[in-house]
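Reviewing the structure listed below.
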Amino acid sequence: MEILSFQEYTQPQHKEWIVFIHGAGGSSKTFGRQIAAFRSHFNLLLPDLRDHGNSKELTKPEDDELSFRMVAHDVLTLMHEKGIERAHFIGISMGSIVIRIIEDIAPEVVSSVIIGGGVMKLNRRTHLLFKTGVFLSSFIPYHKLYQLVAWILMPYRNHKVARRLFVREAAQIKSEAFKVWLGLVADLKKNLDNYFNKPFKSPMLMIMGSQDFNFLDESIDYWKKFPFTNLDILPKCGHVCNIEQADEFNQRSLNFLLKLSK
């Protein structure tokens with residue numbers, strides 16, 4: 001297969017890698033506020049997932065039905081091509097699901113996991129939102145539908161920058177691919193319910209915003225179930241916390257990673 005488009009930052013003195021996994025509708029550009037902070041300590045790989053960013057033409061009509069497992073294999077293939085045997089993973093929103101599947105497929109490549117705005121489980125309200133989105137996608141232009149979903153997930157004034165960035169990046173996705181990805185998310189509930197009852201195999205930190213009303217409660221429930229995981233909640237912060245409170249997200253993530261690297 002053709003490998004994903006990506007950004008890469010390396011320095012010869014760095015031995016460890018971080019692989020950044022963006023959310024559905026995003027791209028590697030959604031980690032723009034992380035690059036300077038993290039490249040001082042690690043080599044960085046920032047792929048655009050298939051159908052996103054500059055990886056627009058990867059899904060062909062003759063391909064098997066798209067799945068999150070296929071998306072995870074894309075990332076593993078890219079890592080293999082780059083000679084990266086093991087890495088820390090940082091994922092935002094739906095990127096947390098891709099990382100969970102990567103760890104399921106190939107746990108030996110995962111040194112640790114940091115999840116921002118993680119999707120640990122779909123509650124009834126959020127599941128209904130995505131199912132409704134699939135239905136409306138036949139009647140509403142996809143960019144308008146994404147704006148609506150983004151506003152529901154990030155409704156406050158302090159969420160505006162993150163909301164704009166994701167809407168801008170999502171506008172580059174072809175409408176057919178958008179419908180497929182929306183369907184993937186809507187059909188995730190069963191798999192997420194299964195993962196919710198399993199701990200991560202690697203050291204793991206969840207960073208959530210206190211205003212992430214669609215996903216925070218489930219992250220807290222997961223932390224209570226597996227208290228050896230780490231949970232940080234950022235006050236007055238929404239879903240995409242790596243953008244909205246980038247400095248705080250970066251510092252807490254680096255503190256976690258640098259302790260592991262000692």
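Annotation: the span from K225 atom NZ to E218 atom CD amounts to 12.0 Å, rounded to 0.5 Å. Taken to the nearest 0.5 Å, the NE2 atom of H127 stands 10.0 Å off from the OG1 atom of T132. Taking CE from M120 and CG from L231, the interatomic distance works out to 10.0 Å, rounded to the nearest 0.5 Å. Here the NE2-CG distance, from H88 to L44, works out to 11.0 Å after rounding to the nearest 0.5 Å. The line from CZ of R100 to CZ of F196 is 10.0 Å long, rounded to the nearest 0.5 Å. Summarising the geometry, atom CG belonging to L192 is positioned 11.0 Å from atom OH belonging to Y222; distances are rounded to the nearest 0.5 Å.
Side chain of D232 to main chain of F249: no donor-acceptor pair is present (N/O by atom type, distance under 3.5 Å, no hydrogens or angles). For the pair E108 (side chain) and E85 (backbone), a donor-acceptor distance under 3.5 Å is absent. Put simply, the side chain of S93 never gets that close to the backbone of G95: no donor and acceptor are under 3.5 Å apart. In this structure a side-chain-to-backbone donor-acceptor pair under 3.5 Å is missing from S253 to N250. Without hydrogens or angle criteria, R33 side chain to I243 main chain gives a donor-acceptor distance under 3.5 Å. Side-chain atoms of E103 come within 3.5 Å of backbone N or O of K201 as a donor-acceptor pair. Side-chain N or O atoms of R163 include one that pairs as donor or acceptor with a backbone N or O of M154 at under 3.5 Å. The backbone N or O of H14 sits less than 3.5 Å from a side-chain atom of N43, completing a donor-acceptor pair. Between the side chain of N230 and the backbone N or O of M204 there is at least one donor-acceptor pair closer than 3.5 Å. One N or O on the side chain of Q11 and one on the backbone of R39 form a donor-acceptor pair closer than 3.5 Å.
Closest approach of S219 and G118 over heavy atoms only: OG-O, 3.9 Å. Here the closest heavy-atom approach between residue L4 and residue P47 is recorded as CD1-CB, 3.9 Å. Closest non-hydrogen pair, S202 versus S112, comes out as CB-CA, 4.0 Å. Shortest non-hydrogen contact noted between K29 and L165 is O-CD2, 4.3 Å. In plain terms, the two heavy atoms of S5 and N54 that are nearest each other are OG-CB, 3.2 Å. The minimum heavy-atom distance linking G117 with D212 is given by the pair CA-OD2, 3.7 Å.
M208 and F226 fall within the same hydrophobic cluster, where Ile, Leu, Val, Met, Phe, Trp and Tyr residues are linked whenever their side-chain heavy atoms come under 4.5 Å apart, directly or through other members.
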Check against ring-ring contact (aromatic ring centres under 6.0 Å, His included), F20 and F38 = CA-CA 11 Å; F20 292 82; F38 287 88; 5.7 Å; yes
*Would you sort out whether L258 and L260 count as a side chain to side chain contact (heavy atoms under 4.5 Å, CB included), showing the intermediate values?*
CA-CA 5 Å; L258 294 175; L260 293 176; over 6 Å; no
For E8 and K82, what are the C-alpha separation, side-chain angles and deciding distance, and is it a salt bridge (charged side-chain N to carboxylate O under 4.0 Å, His left out)?
CA-CA 10 Å; E8 181 182 23; K82 301 299 299 180; 3.0 Å; yes
#### Entry: Trace of the side chain to side chain contact (heavy atoms under 4.5 Å, CB included) decision for L153 with F215
CA-CA 9 Å; L153 295 179; F215 302 110; 4.1 Å; yes
For this session: Would you check, one step at a time, whether the test salt bridge (charged side-chain N to carboxylate O under 4.0 Å, His left out) holds for R69 with D104?
Result: CA-CA 10 Å; R69 186 163 288 263; D104 199 19; 3.6 Å; yes
Q: Report the C-alpha separation of F68 and N191 in whole Å, then their side-chain angles, then the decisive distance to 0.1 Å, and conclude whether the side chain to side chain contact (heavy atoms under 4.5 Å, CB included) test is met.
A: CA-CA 10 Å; F68 273 103; N191 286 333; over 6 Å; no
What verdict does the side chain to side chain contact (heavy atoms under 4.5 Å, CB included) test give for R50 and V71, after you've listed the backbone C-alpha separation in whole Å, the side-chain angles of each residue and the deciding distance to 0.1 Å? CA-CA 7 Å; R50 66 165 60 214; V71 174; 4.3 Å; yes
Please lay out, stage by stage, how N158 and Q211 fare under the test side-chain hydrogen bond (donor to acceptor under 3.5 Å, both in side chains). CA-CA 10 Å; N158 53 300; Q211 299 169 343; 3.0 Å; yes
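Side-chain contact between V113 and P203 is absent, with no heavy atoms from C-beta onward closer than 4.5 Å. Looking at T30 and F166, their side chains come closer than 4.5 Å, going by heavy atoms from C-beta outward. With a 4.5 Å cut-off on side-chain heavy atoms, L49 and D74 do not count as touching. Side-chain atoms of I207 and L234, non-hydrogen and from C-beta on, do get closer than 4.5 Å to each other. Using a 4.5 Å heavy-atom cutoff, the side chains of L257 and F42 are in contact. Considering only heavy atoms from C-beta on, V110 comes within 4.5 Å of I102 through its side chain. Using a 4.5 Å heavy-atom threshold, the side chains of M206 and W223 count as touching. Contact annotation: the side chain of Y9 approaches that of L46 to within less than 4.5 Å [non-hydrogen atoms, C-beta and beyond].
Around atom CG of D247, no more than 12 heavy atoms belonging to other residues, nucleotides or ligands sit under 6.0 Å away. The environment of CZ in R164 is sparse: at most 12 heavy-atom neighbours from other residues, nucleotides or ligands sit within 6.0 Å. Residue R125 places its CZ atom among more than 12 non-hydrogen atoms of other residues, nucleotides or ligands, all under 6.0 Å distant.
One side chain, N123 or T126, offers a donor N or O that lies under 3.5 Å from an acceptor on the other. Defined by atom type and a distance below 3.5 Å, a donor-acceptor pair is missing between the side-chain atoms of E16 and S111. A side-chain N or O of Q251 and one of N255 form a donor-acceptor pair less than 3.5 Å apart.
Ring pair H22/F31: centre-to-centre distance not below 6.0 Å.
F213 belongs to a hydrophobic cluster whose remaining members, ordered by chain and number, are Y156; membership requires side-chain heavy atoms of ILVMFWY residues under 4.5 Å apart, directly or through intermediates.
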